[in-house]
2 protein chains.
Amino acid sequence: MAQTLHNFHFEDLLTRHHLKKTAPRLRVLSMMSSRNTATSQPDLESVMNDIDRVTLYRILSAFEEKGIIHKVFDLNGTANYALCTSNCDEGHHHDEHLHFNCTNCKNVYCLNDMQLPAINLPAGFEPQAFTLYASGLCPKCSKKAVK
Amino acid sequence: MAQTLHNFHFEDLLTRHHLKKTAPRLRVLSMMSSRNTATSQPDLESVMNDIDRVTLYRILSAFEEKGIIHKVFDLNGTANYALCTSNCDEGHHHDEHLHFNCTNCKNVYCLNDMQLPAINLPAGFEPQAFTLYASGLCPKCSKKAVK
DNA sequence: GTTTAAACGCAACAATATTACAATTAACTA
DNA sequence: TAGTTAATTGTAATATTGTTGCGTTTAAAC
């Protein structure tokens, strides 16, 4: 989100999850919070090119495990990461919102306010989580498309 | 589906889409139709290990383009492929059904009968396609889980 | 049967992800 | 505040997944 979150928020977040406050981690958090879309792995890697790739992967998987971020694959199967808004705890995500993937700018939007309708599955299936994906044009790109 | 589809069905399918009838293509079709779940790329590759990897990729993308199969990424971002049931034409898929990813056996089920409920997006978003994912235990694995 | 465009196989490469281990450092403690 | 230690990072090597270019083969049309 565009809201300005300060470093001590992130530091706090890390300690709450028993993670050491390190420069790479704080930078990842700060970058993600500065965007209103999810961040793709390639994007992360090129922006943080001075941080080792392996370190990035480890930061991402640690954050995901702790419920700080969630991973979402876009239409091309590319991993995108976004901060969890609400109360995701360790190992239990609650990111059942809608993910919108713009076919033009490729951005992935987390539409947290969209509640998923109740879904009934055939007998035998025991769902634990739902995710709804939509693809199409995001507000910015649909404006441009009108010309 | 478990229904027994015969080779001439597939041959017909290929000619209808102006694709040459070749052994690799027929084998891919036959394998996919013999399963009631989507087939992952790694799975395809290991079962068809005598077909070149590149050929497989090309077959899959040709089929997808023609609307014969559709690609779906599972929870791990692995590509899975399944035959399109209905009337998908070239470049226009209509696979807006529910994909169920079992967290235990990792299988991806296409639940074609599940219709997606209508979704209203925030202003500005112009959706062109929806996909709903669910994860949890499939019938087989939920049975075993009871023990 | 000949011809030809489509499809295949091979080789090389690019991108993405994982593992093992040594070096560093944040956090704790004395 | 220095010393200790476990967590984290960096490096190297490797695995997996996907792409591109090109020569060879083959299905399909004549």
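Lettering follows sequence order; numbering is per chain, from 1. All heavy atoms count here, side chains included; hydrogens, waters and symmetry mates do not.
By the 4.0 Å N-to-carboxylate-O rule, A:Arg27 lies close enough to A:Asp50 to be salt-bridged with it.
Rounded to whole angstrom, the span from the NZ atom of B:Lys71 across to the C1' atom of D:dT17 amounts to 11 Å. In this structure, A:His17 places its NE2 atom 17 Å from C1' of D:dA7, rounding to the nearest Å. Distance NZ (B:Lys21) to C1' (D:dA29): 13 Å, rounded to an integer number of Å. Remark: C1' of D:dT25 and CG of B:Asp52 are 14 Å apart, rounded to the nearest angstrom. For A:Asp50 and D:dG10, the CG to P distance is 8 Å, given to the nearest whole Å. Spacing between atom CG of B:Asn49 and atom P of D:dT16 amounts to 15 Å, rounded to whole angstrom units. Per the geometry, CD1 belonging to B:Ile51 stands 17 Å off C1' belonging to D:dG18, to the nearest Å. For B:Glu45 and D:dT17, the CD to P distance is 7 Å, given to the nearest whole Å.
Taking the six-membered ring for Trp and the full ring otherwise, A:Phe125 and B:Phe100 have centroids separated by under 6.0 Å.
Between B:Leu98 and A:Leu121, some side-chain heavy-atom pair lies under the 4.5 Å cut-off. Residues B:Arg35 and B:Met31 form a side-chain contact, since some pair of their non-hydrogen atoms from C-beta on lies under 4.5 Å apart. Side-chain contact between A:Asn80 and A:Asn101: absent, with no pair of heavy atoms (C-beta onward) separated by less than 4.5 Å. Side-chain contact check for B:Leu60 versus B:Glu64: every heavy-atom pair is 4.5 Å or farther apart. Residues B:Pro127 and B:Ile119 form no side-chain contact, since every pair of their non-hydrogen atoms from C-beta on lies 4.5 Å or further apart.
When each of D:dG10, D:dA6, D:dT17 is scored by its nearest atom to the side-chain atoms of A:Lys20, the top-ranked nucleotide is D:dA6.
If you check every strand for non-hydrogen atoms under 4.0 Å, B:Arg25 touches sugar and phosphate atoms only. Backbone-only engagement by B:Thr22 is indicated by non-hydrogen atom pairs under 4.0 Å involving sugar-phosphate atoms exclusively. Using a 4.0 Å heavy-atom criterion, one finds that A:Gln41 contacts the sugar-phosphate atoms exclusively.
The two atoms that bring B:His99 and B:His70 nearest to each other are NE2-NE2, 3.3 Å, heavy atoms only.
Toward the 5′ end of DNA chain D lies the nearest nucleotide of A:Val54, the other residue of the pair A:Val54 and B:Arg58 mapping further downstream. Residue whose closest nucleotide on DNA chain C sits further toward the 5' end, between A:Ala79 and A:Leu19: A:Ala79.
Axis angle, first five pairs versus last five pairs of the helix from C:dG1-D:dC30 to C:dA30-D:dT1: 30°, rounded to 10°.
For DNA chain C, the outermost nucleotides in 5' to 3' order that have an atom under 4.0 Å from a heavy atom of chain A are C:dT16 to C:dA27.
Through direct or indirect side-chain contacts shorter than 4.5 Å among Ile, Leu, Val, Met, Phe, Trp and Tyr, A:Tyr133 is connected to A:Val72, A:Val108, B:Val72, B:Val108, B:Tyr133.
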